[in-house]
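All remarks here apply to the structure that follows.
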Amino acid sequence: MTSIQPETSAPGLRAAVAKLPAYVAGKSAESGLTAALASNESHFAPLPSVVALISAEAGRIHRYPSMGAVEARDAIARHHGVSADEIAAGPGSSGVLQQIISAVCDHGDEVVFAWRSFEAYPILVTVAGAVPVPVPLLENEHHDLEAMNAAITDRTRLVLLCSPNNPTGVSIEADALEQFLRSVPPRVLVVLDEAYIEYQRGPGLDALDLYRRYPNLCILRTFSKAYGLAGLRIGYAIARPALADGLRRTAIPFGVNRMAQAAAVASLAAEDEILARTNAVAEERTRVVAALRSFGWVVPDSQANFYWLRASDELRDQLLTALSDAGILARGYAGDGVRITLADRDTNDRVLAVLSARERFADQ
Ligand code: PMP
């Protein structure tokens, strides 16, 4: 066998792409560890009604799916009380976000987002040839909306807000968001990424109400988290018809497969079952966060299906090792901390057992 030599004249990558950090996916159940708590997946098995529909669709995969995901968009639109022409679906909400960036950003345009937040943001922005403008979170882990507003320039086309924020779990407050929307120039698109919104309890904000009042607001949702369809890939944007139309034009043809489309429709029809599941997670969240605080950990109020321990790299490594020794996979972030996904009570208790000995670990 001849080995392939690097060619100096071979087709190269764009410089921006060559320098990109890889998206680090949380390792999954295949890692061999018994508790995969690194990817914010739903720990519940897929709903039987959804599995039955997917099986039926499997017999039709020699045919292309609906190009415009018509039935799924109709069901999503009915669910939110908007029209189907305000919905654009894509392969996961990260797929939709890629469509949004390529629909609104020219080369060199700026995209403002909080940091740390969802790690795909800087990657997707850079791939599109746009410029990431990360704005550090406040010390209390909230978005620094004032600083984000101040970071807007003539080149800013897009602001990405994440609520509840991944990986900190902290939600943006209604008044703060309204004030932000009032001050952002109307030519700047504001995307509110609500990937974890189904886990929000308490007052929260009504994104649909704001969407009706602020035409430059776009809401991003996914079926990957609370609906448990991470492996199928479907998410969507709610946006003014002209923008939603633009997003559909930037989509890969037939990018949302037919099983994902059918599963989305079936999942929306199973709202009660989904609510029972998110209620169970929210109850566990209250219990686990209270226990962690009683052990002496500083844990921000999470509104998502995970919680956050800010940590030095030393503490992060200690935590990941101790958890891994107990068969638990969590997600560490260099320079920032550790994120742990909530699961069933027994699994959460295994995490608590590791973290109960606060004195074993470095300061937070
Ligand atoms: N937004 C946020 C905040 C996320 O955490 C994720 C998944 N980690 C996504 C979007 C993308 O999810 P998906 O592409 O599976 O819809």
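First listed ligand is number 1; within each ligand, the first listed atom is number 1.
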Self-check item: Salt-bridge criterion met for Glu110 and Arg155 (N-O under 4.0 Å)
Solution: no

Quiz item: So is Gly235 close enough to ligand 1, meaning a heavy atom under 4.0 angstrom away?
Solution: no

Quiz item: Can the ring centres of Trp297 and Phe361 be said to be less than 6.0 Å apart?
Solution: yes

Quiz item: Does Phe223 come within less than 4.0 Å of ligand 1, judged by its heavy atoms?
Solution: no

Quiz prompt | Check: Tyr211/His80 side-chain N/O donor and acceptor closer than 3.5 Å | solution = no

Self-check item: Numbered atoms and elements of ligand 1 in range of Gly92, under 4.0 angstrom, heavy atoms
Solution: 13 (P), 14 (O), 16 (O)

Quiz item: Does an N or O from Tyr121, backbone or side chain, lie closer than 3.5 Å to an N or O of ligand 1?
Solution: no

Exercise. Please work out whether any backbone atom (N, CA, C, O) or any side-chain heavy atom from C-beta onward of Ser94 is under 4.0 Å from ligand 1, and answer side chain, backbone, both or neither.
Key: both

Exercise. Would you please indicate if the ring centroids of Phe118 and Phe113 are separated by under 6.0 Å?
Key: no

Quiz item: Does some non-hydrogen atom of Cys162 fall short of 4.0 Å from ligand 1?
Solution: yes

Quiz prompt | Closest non-hydrogen atom pair, Ser171 against Ser163 | solution = CA-OG, 3.5 Å

Quiz item: So is Asp193 close enough to ligand 1, meaning a heavy atom under 4.0 angstrom away?
Solution: yes

Quiz item: Just which atoms of ligand 1 are under 4.0 Å from any heavy atom in Arg233?
Solution: 13 (P), 14 (O), 15 (O)

Self-check item: Part of Ser93 within contact of ligand 1 (heavy atoms, under 4.0 Å)
Solution: both

Quiz prompt | Between Arg73 and Ser66, a side-chain donor and acceptor under 3.5 Å | solution = no

Practice problem: Take atom CD of Glu146 as the centre, draw a 6.0 Å sphere, and report whether it contains more than 12 heavy atoms from other residues, nucleotides or ligands. | Solution: no

